[in-house]
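A short write-up of the structure that comes next.
Proteins get letters first, then strands, A, B, ... in listed order; numbering begins at 1 in each.
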2 protein chains.
Amino acid sequence: MEISDGRELSAQKVRYLKFIAEKGGRVRTTDLAGEFGVDPSTITKTIAELAKTGLLSHEPYHGICLTAEGQRYARYLVKRHRILSLMLTHYGFSHEQACEEAKRFESYVSKDAVDRICAAMGHPGQGVCGEITHDDGCLAREPAG
Amino acid sequence: MEISDGRELSAQKVRYLKFIAEKGGRVRTTDLAGEFGVDPSTITKTIAELAKTGLLSHEPYHGICLTAEGQRYARYLVKRHRILSLMLTHYGFSHEQACEEAKRFESYVSKDAVDRICAAMGHPGQGVCGEITHDDGCLAREPAG
DNA sequence: TGAAAAAGTTGGGCACACCCCAAAAATGGG
DNA sequence: CCCATTTTTGGGGTGTGCCCAACTTTTTCA
């Protein structure tokens with residue numbers, strides 16, 4: 001895959017992660033399977049791979065939740081989405097259109113670019129689909145424990 | 001794949017196609033293999049798949065060139081690249097940085113979005129890495145012959 | 001002009017991401 | 001405590017993209 005966020009997660013894994021973050025708390029296999037229209041077994045397997053990265057923990061039969069590191073990373077993913085969506089609204093996109101379009105390509109935009117765009121827009125506090133937080137300075141450089 | 005340009009070409013195929021268009025004329029297997037750092041046999045196989053779409057013709061041992069349809073499509077790809085690069089320069093990217101960043105995600109931006117951004121920028125005639133042409137109105141709706 | 005070098009193609013195979021199905025296991029409400 | 005629901009396991013499939021070895025074609029140049 002050709003991901004540009006400092007981690008080697010595929011676009012699909014990023015989508016799963018973002019969904020888990022936005023839903024919050026304990027997420028069930030069925031929630032993900034329903035949201036993405038895939039078989040639950042697909043979710044189980046993909047979640048197992050994500051768990052190995054340390055971004056989430058999966059207690060079999062009891063749900064999925066993000067680790068502290070996963071939450072920090074997910075905050076970045078959400079921020080990225082909102083920064084890019086906001087950028088698109090500068091080009092005549094409605095909020096909803098911007099949101100949809102950003103989903104298409106956000107996984108392929110480098111963190112460096114997101115930071116730059118964020119800075120150029122004056123670190124906005126409000127995006128098109130929610131608040132924008134600016135606390136991702138230490139992404140992917142956290143001790144394991 | 002999750003491509004958003006109205007065709008179902010993967011990002012990699014799009015890169016190959018864009019390279020062929022930018023180089024112009026008859027392109028050799030070796031040119032592509034060198035540019036992308038892959039084995040020549042990989043190029044041969046991928047080109048065979050692209051040839052089936054009618055975007056280019058491949059005369060074995062004698063090179064690759066775009067069909068009229070391929071040229072029209074490639075013009076869109078180049079325009080897309082230049083529009084997105086130009087957009088990025090509005091956020092503090094240098095020309096070269098904008099160009100590199102655009103390459104990362106351009107394949108995932110919908111044609112609709114490119115058109116909208118193009119319009120919002122006033123259909124610019126000059127991009128960061130060359131002229132921008134605006135003749136892609138009839139993409140992907142051309143008779144085969 | 002003809003053999004060696006270079007360029008290109010074929011066939012086989014590998015890795016990764018992502019997906020589904022059937023069957024088995026675990027959970028939890030009645 | 002049983003049965004319906006949820007979830008996991010094991011097996012399998014597809015598509016993309018890549019490499020290697022062996023072979024064919026083209027080109028070069030002595």
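- Nearest heavy-atom pair, A:Ile83 versus A:Pro124, reported as atom, atom and distance to 0.1 Å: CD1-CG, 4.1 Å.
- For the pair A:His62 NE2 and C:dA26 P, the interatomic distance rounds to 10 Å; values are reported in whole Å.
- For the atom pair B:Ile20 CD1 and B:Gln71 CD, the distance stands at 11.5 Å (nearest 0.5 Å).
- Going from atom CG of A:Leu17 over to atom C1' of C:dA17 covers 17 Å, rounded to whole Å.
- Nucleotide D:dT6 holds its P atom 17 Å from the CZ atom of A:Arg26, rounded to whole Å.
- Residue contacts for B:Gly34: at a heavy-atom cut-off of 4.0 Å it reaches no nucleic acid atom on any strand shown.
- In this structure, A:Pro40 reaches the bases: a heavy-atom distance under 4.0 Å links it to at least one base atom across the strands shown.
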Carefully, step by step, assess B:Arg104 and B:Glu101 under the rule salt bridge (Lys or Arg N to Asp or Glu O under 4.0 Å).
CA-CA 5 Å; B:Arg104 292 176 172 274; B:Glu101 188 65 35; 3.6 Å; yes
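- Shortest non-hydrogen contact noted between A:Phe105 and A:Leu84 is CE1-CD1, 4.1 Å.
- Side-chain to base pairing of A:Ser41 with C:dC21: one donor and one acceptor N or O lie within less than 3.5 Å of each other.
- Nearest-nucleotide positions on DNA chain C for A:Thr46 and B:Thr29 put B:Thr29 closer to the 5' end.
- Where B:Arg28 and B:Gly37 each meet DNA chain D at their nearest nucleotide, the meeting point lying more 5' is that of B:Gly37.
- Straight-line distance from the OH atom of A:Tyr61 to the P atom of D:dT6: 14 Å, rounded to whole Å.
- Comparing C:dT10, D:dT6, D:dG17 against the side chain of B:Gln12 picks out D:dG17 as the nearest.
- Checking the phosphate oxygens (OP1, OP2) of C:dC16, no side-chain nitrogen or oxygen of A:Ser10 falls inside 4.0 Å.
- Aromatic ring orientation, B:Tyr108 versus A:Tyr108: parallel (interplanar angle below 30°, classes split at 30° and 60°).
- Atom-to-atom, NZ of B:Lys52 to P of D:dG15 comes out at 11 Å; the value is rounded to the nearest Å.
- Between A:Thr42 and the phosphate of C:dC19, there is no side-chain N or O to OP1/OP2 separation shorter than 4.0 Å.
- Checked by distance alone, B:Lys45 brings no side-chain donor or acceptor within 3.5 Å of a matching partner on the base of C:dG13.
- Nucleotide D:dT16 holds its P atom 17 Å from the CZ atom of B:Phe36, rounded to whole Å.
- Following rounding to the nearest Å, B:Ile64 (CD1) and C:dA7 (C1') show an atom-to-atom distance of 12 Å.
- As rounded to whole Å, 13 Å separates atom P of C:dT10 from atom CD1 of B:Ile47.
- Distances shown here put a side-chain N or O of B:Lys13 below 4.0 Å from the OP1 or OP2 atom of D:dG17.
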